[in-house]
Amino acid sequence: MNVLIIENEPPAAGKIVRLLKEIDKSIKVLGVIETVEEAVNRLQIDPRPDLIFMDIQLDDGL
Amino acid sequence: MKESNITGLLDQKKPFSHIAIIVIASLATFYTVLKQENAGSIVDILSVFILIVTLIEVFIFIALKIFTELNANITGKEFTRIVIKRFILFILICFVASLVIYLIFKYAVTLIAGDDLSMVFSRFRNYELIPWIKTTLGGLVFGAFIFIIIQWQDAMTREQKLREENLIFQNETLKSQVNPHFLFNSLNTISSLIHTQPEAAEQFINNLSMVYRYILENGQKDSVPLQSELNFITDYFNLHKIRDEEKIILDINAQDAGQFRILPVSLQILLENAIKHNIASRENQLRISIYTEDEQIVVRNNLRRKSTQIVSTKLGLKNLAERVRLTCKTDLVIEESKEFFTVKLPLIK
């Protein structure tokens, strides 16, 4: 399963990655994105993630 | 500063004060006439009345000139010292003014009556000196009484206002600090760090406890050494830094910090505002500079407002500005250009 994490605080993103790995080692984290702008760009290209973990407030807005 | 009621009454720009003066002068004239066994003519009574009105007007004018500046905030012993000094000055000036007016008046009356002008001064010296001193002193005691009340009222109003502002400020500070969101974020960060970076987690908890400790110990004080406030905001900044890493940068440059004091938790409000309202990312770092400049501390950040409006009551900055005005007697300076947001906060010597 491909997972994308959108979270601007590195410690919080790190924790999600760690928890995901604990649950299932086969989960593939596509990356950690910190801004809205970056997220918009990323979602327009493949591979599309199966699941997104998204924070509600990022560095450049809501 | 709002004028107290009595100051308003004595405001010579308002017709009411003149009406009050005329009433008082009428009473005084009436009293003078009653005391004299051989009541003078209408002209005599009228002239006494005009003299009294003129004297009261002049006394109030002098008193306002001398005492109004005192409304600028001065406190404690210095205040008493200045009041006494000015009071003595006031009495001297009033005596001189009264003497001049009285003599001019007498000359004028004598001239109108067609009497010998050369008699005026010797008559004054021989017969009228003691009554003149008595009258002037009486007027002065009356005036002094009113002015002491005015000063006292002003001091009370100022004190009360400051106390109210302090309460609001403390309340706001505590609310923003113990604010559930701040605590929630902090606990989340600890939970994220504790597993993988136990040392960073420990550091974070230390910083957090220092921040709370500072607010508890100093939040209610009138002022703190600038260096303590700088240490405090460094702790506070580190809480953000652990979460945001190199997205925010803080430069503090205050070599002369030892000379100054500052309102507690004031820099933190400015720092928090800068972080809250601006975009901070790895590409566009938020750079906050804090430095001293001409007995002021300047907090300046590059301006990159978040596109979405942050929910803000603006109370933080407003309350701070009000508190600065009341405590430091000068205004908080807020400057906004295209690139920078700058706040200049006065320091206390």
Side-chain angles (χ1 to χ4, degrees), chain A, chain B residues 179-205 207-208 237-249 272 274-288 301-312:
Chain A
M1 185 162 65
N2 294 327
V3 173
L4 183 65
I5 296 168
I6 303 177
E7 164 63 66
N8 63 326
E9 295 180 10
K15 188 181 178 187
I16 297 172
V17 175
R18 184 167 53 78
L19 291 174
L20 287 172
K21 294 286 180 196
E22 270 173 32
I23 294 161
D24 185 348
K25 282 204 186 324
S26 71
I27 291 173
K28 189 181 171 204
V29 176
L30 293 174
V32 176
I33 284 170
E34 295 187 340
T35 61
V36 175
E37 199 189 333
E38 220 184 304
V40 171
N41 291 338
R42 175 64 184 75
L43 290 176
Q44 284 167 354
I45 56 160
D46 288 323
R48 296 263 160 107
D50 300 309
L51 182 64
I52 300 175
F53 287 91
M54 192 169 180
D55 188 12
I56 53 163
Q57 196 175 338
L58 299 170
D59 290 333
D60 55 350
L62 293 171
Chain B
N179 146 348
H181 203 231
F182 179 78
L183 199 58
F184 170 78
N185 278 340
S186 299
L187 290 174
N188 255 342
T189 308
I190 295 169
S191 141
S192 310
L193 290 171
I194 206 155
H195 218 80
T196 47
Q197 296 165 261
E199 273 163 28
E202 193 182 353
Q203 181 62 45
F204 189 91
I205 293 169
N207 283 336
L208 191 62
F237 179 77
N238 283 335
L239 294 179
H240 283 279
K241 186 81 178 165
I242 290 172
R243 292 215 300 262
D244 289 333
E245 298 184 341
E246 62 270 32
K247 294 175 215 166
I248 45 176
I249 295 161
E272 185 186 6
I275 295 172
K276 194 162 80 182
H277 293 288
N278 289 285
I279 295 173
S281 63
R282 286 176 211 282
E283 294 78 38
N284 288 297
Q285 292 162 324
L286 175 64
R287 190 176 286 274
I288 304 165
N301 63 267
N302 53 338
L303 201 55
R304 287 220 36 181
R305 287 198 179 282
K306 287 185 176 168
S307 51
T308 41
Q309 199 57 48
I310 298 294
V311 183
S312 167

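To find a chain, count down the sequence lines: A is the first, B the second, and so on, and within it residues start at 1.
- By the side-chain hydrogen bond (donor to acceptor under 3.5 Å, both in side chains) test, A/Lys15 is found to be paired with B/Ser191, residues two or more places apart in sequence or in another chain being considered.
- Rounded to the nearest 0.5 angstrom, B/Lys247 NZ and A/Glu9 CD are separated by 7.5 Å.
- A salt bridge (Lys or Arg N to Asp or Glu O under 4.0 Å) with B/Arg282 is found for exactly one of A/Glu38, A/Glu34, A/Glu37, namely A/Glu34.
- Here OG1 of A/Thr35 is found 9.5 Å from CG of B/Asn284. Values are rounded to the nearest 0.5 Å.
- The two atoms that bring A/Ala12 and B/Ser192 nearest to each other are CA-OG, 3.6 Å, heavy atoms only.
- More than 12 heavy atoms of other residues, nucleotides or ligands lie within 6.0 Å of NZ in A/Lys21, so this atom counts as buried by the packing criterion.
- By a heavy-atom distance cut of under 4.5 Å, B/His195, B/Thr196 are the residues of residues 194-201 of chain B near chain A, going up by number.
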